[in-house]
Number of protein chains: 2
Amino acid sequence: MHKMNNKNKTFIDKLRSSGLRPTNQRVEISKFLFNRKKTFHFTVEELKNSMNLKRSKKISTATFYNTVHALKSAGHLKEFSLENNTSYYDTNITSHHHFFDNGKVIDIKSDKITFQKLPEAPKGKKIKNVEVVIRLENNN
Amino acid sequence: MHKMNNKNKTFIDKLRSSGLRPTNQRVEISKFLFNRKKTFHFTVEELKNSMNLKRSKKISTATFYNTVHALKSAGHLKEFSLENNTSYYDTNITSHHHFFDNGKVIDIKSDKITFQKLPEAPKGKKIKNVEVVIRLENNN
DNA sequence: ACATACTTTAGAATAATTATAAAGTAGTTA
DNA sequence: TAACTACTTTATAATTATTCTAAAGTATGT
């Protein structure tokens, strides 16, 4: 039994609140995802490659998928899709919006977009969230 | 050489302007997609199944994908993605928005949503389009 | 230490999509 | 029409992202 430092605390909490025991692999993934100043956008494949590159003992694909899924289901990651049949995840789970620029994703803070008019939800339904995607192209 | 009726004209034009010769298969697909009053949302798999169900001679998967792609590239179809790694297409190519309700898609006319505030595009970029997705959930 | 339950992993399975290459069809030209 | 060329269709293989499976490993409570 070793002492746990504060840095790791947060990641471990996210794992626990996702119903996951904090195993070594999961702690490393969680640390990699959340131990950063800026929002991080990634696909599971990208995450796996960048983490495994520097490791002698690789973490398996299934573990990456399982961990990312659990974190997402618990609300610690946000999922979104581009037009390439791949799931992207965002460590910024606060309500916000995105610029899409040729596959590159840039966050837009929620307060940068406000609505003058929004439609009513159909009867029996209510609005869960509103997401705006602003597609960019080059000036010429 | 047979006379072409007006109904077919539109579909054939869409094919030609997509760089596709109007073969039988393509004309039938184009007709199926565009000969309808309401906007049509579909995946290639759904399109294939619903068209091939009533046919003795099936149209191949590759032809569906090729035709849909060309129509999309030419701007006759709009592509969008949900969180299930499948491409959806929309015969409504005018700028508009969507409700997503458990995988079901409902169009929102462009004028139903207006903005009070929108961010500037990053330098060197300009805004190509703005798309809003309103996710729904059941009341209570 | 034991038992039970949860994890990891490699590899198989699946689903959506794209690529390939052979056979078919259309359009053009002589 | 005959011949030629270019474009199409198709079945099938290949690819990519993801999920499933089952065996071996690890953790936690008693």
Side-chain angles (χ1 to χ4, degrees), chain A residues 1-2 4 8 11-12 14-32 41-52 55-74 77 79-89 103, chain B residues 1-2 4 8 11-12 14-32 41-52 55-74 77 79-89 103:
Chain A
M1 177 135 301
H2 55 79
M4 189 175 287
N8 283 344
F11 326 132
I12 291 173
K14 291 195 199 231
L15 291 172
R16 285 205 198 282
S17 65
S18 307
L20 299 178
R21 281 188 189 166
T23 62
N24 288 336
Q25 291 93 325
R26 289 171 177 167
V27 170
E28 292 205 41
I29 293 172
S30 191
K31 190 186 305 183
F32 186 90
H41 298 111
F42 64 96
T43 66
V44 174
E45 204 60 22
E46 289 166 358
L47 173 66
K48 185 184 93 175
N49 291 339
S50 49
M51 285 194 67
N52 275 344
R55 301 171 58 87
S56 44
K57 176 106 181 52
K58 315 296 186 192
I59 297 174
S60 75
T61 306
T63 295
F64 283 105
Y65 275 99
N66 290 343
T67 306
V68 167
H69 259 144
L71 288 169
K72 175 211 139 195
S73 296
L77 291 172
E79 184 180 6
F80 61 93
S81 282
L82 276 65
E83 275 83 17
N84 58 358
N85 311 319
T86 313
S87 285
Y88 285 76
Y89 297 89
Chain B
M1 175 139 299
H2 57 79
M4 189 174 286
N8 283 343
F11 325 131
I12 292 173
K14 289 195 201 236
L15 291 172
R16 285 202 198 284
S17 66
S18 307
L20 299 178
R21 282 188 190 165
T23 61
N24 288 335
Q25 290 93 326
R26 288 170 178 169
V27 170
E28 293 203 40
I29 293 172
S30 192
K31 190 186 305 185
F32 186 88
H41 299 111
F42 64 96
T43 67
V44 173
E45 204 58 24
E46 289 166 356
L47 173 66
K48 186 184 94 175
N49 292 339
S50 49
M51 285 194 66
N52 275 344
R55 301 171 58 88
S56 44
K57 176 105 179 51
K58 313 297 186 195
I59 297 174
S60 74
T61 306
T63 295
F64 282 105
Y65 274 99
N66 290 341
T67 305
V68 167
H69 259 143
L71 288 169
K72 175 213 142 194
S73 296
L77 291 172
E79 184 180 5
F80 61 92
S81 283
L82 276 63
E83 275 82 17
N84 59 357
N85 312 319
T86 314
S87 286
Y88 286 75
Y89 296 90

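Naming convention: chains lettered A, B, ... in sequence-line order (proteins, then strands); numbering from 1 in each chain.
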Original post:
Can B:T67 and B:Q25 be said to form a side-chain contact (heavy atoms from CB on, under 4.5 Å), step by step?
Top reply: CA-CA 9 Å; B:T67 305; B:Q25 290 93 326; over 6 Å; no
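For A:R26 and D:dG25, the CZ to C1' distance is 13 Å, given to the nearest whole Å. Protein atom CG of A:L82 is 18 Å distant from nucleotide atom P of D:dT16, rounded to whole Å. If you take CD of A:E46 and P of D:dT18, they are 10 Å apart, rounded to a whole angstrom. Distance A:Y89 OH to D:dA17 P: 13 Å, rounded to the nearest Å. The interatomic distance linking B:Q25 (CD) with D:dT10 (C1') rounds to 9 Å, in whole Å. The distance between atom CD of B:E28 and atom C1' of D:dT10, rounded to the nearest whole Å, is 16 Å. Nucleotide D:dA11 holds its C1' atom 15 Å from the OH atom of B:Y65, rounded to whole Å. Counting to the nearest Å, the P atom of D:dA17 and the CG atom of A:N84 are 8 Å from each other.
Residues B:K58 and B:N85 both approach DNA chain D. Their nearest nucleotides, taken by heavy-atom distance, put B:K58 toward the 5′ side. Looking at which nucleotide of DNA chain C each of A:T67 and B:N24 is closest to, the 5′-most match is held by A:T67.
Checking D:dT9, D:dT19, D:dC7 against every side-chain atom of B:R21, the shortest atom distance belongs to D:dC7.
Contact annotation: the side chain of A:V44 approaches that of A:Y89 to within less than 4.5 Å [non-hydrogen atoms, C-beta and beyond]. Considering only heavy atoms from C-beta on, A:R21 stays 4.5 Å or farther from A:L15 through its side chain.
If you walk DNA chain C from 5' to 3' and mark each nucleotide with an atom closer than 4.0 Å to a heavy atom of chain A, the marks span C:dC6 to C:dT17.
Nucleic acid contact class of A:S87 (heavy atoms, under 4.0 Å, all strands): sugar-phosphate only. Across all strands, A:T63 comes closer than 4.0 Å to base atoms (heavy-atom distances).
How far CZ of A:F64 is from NZ of A:K58: 10.0 Å, rounded to the nearest 0.5 Å.
Here B:K57 reaches the OP1 or OP2 of D:dT10: one of its side-chain N or O atoms lies under 4.0 Å away. Residue A:H69 places at least one side-chain N or O closer than 4.0 Å to OP1 or OP2 of D:dT19.
Here B:E28 does not pair with B:K31 in a salt bridge; the nearest charged N to carboxylate O distance is not below 4.0 Å.
Note on ring orientation: taking the six-membered ring where Trp is involved, the planes of B:F80 and B:H41 are perpendicular (angle over 60°, cut-offs 30° and 60°).
A search for salt bridge (Lys or Arg N to Asp or Glu O under 4.0 Å) contacts involving B:E46 returns nothing, not counting sequence neighbours.
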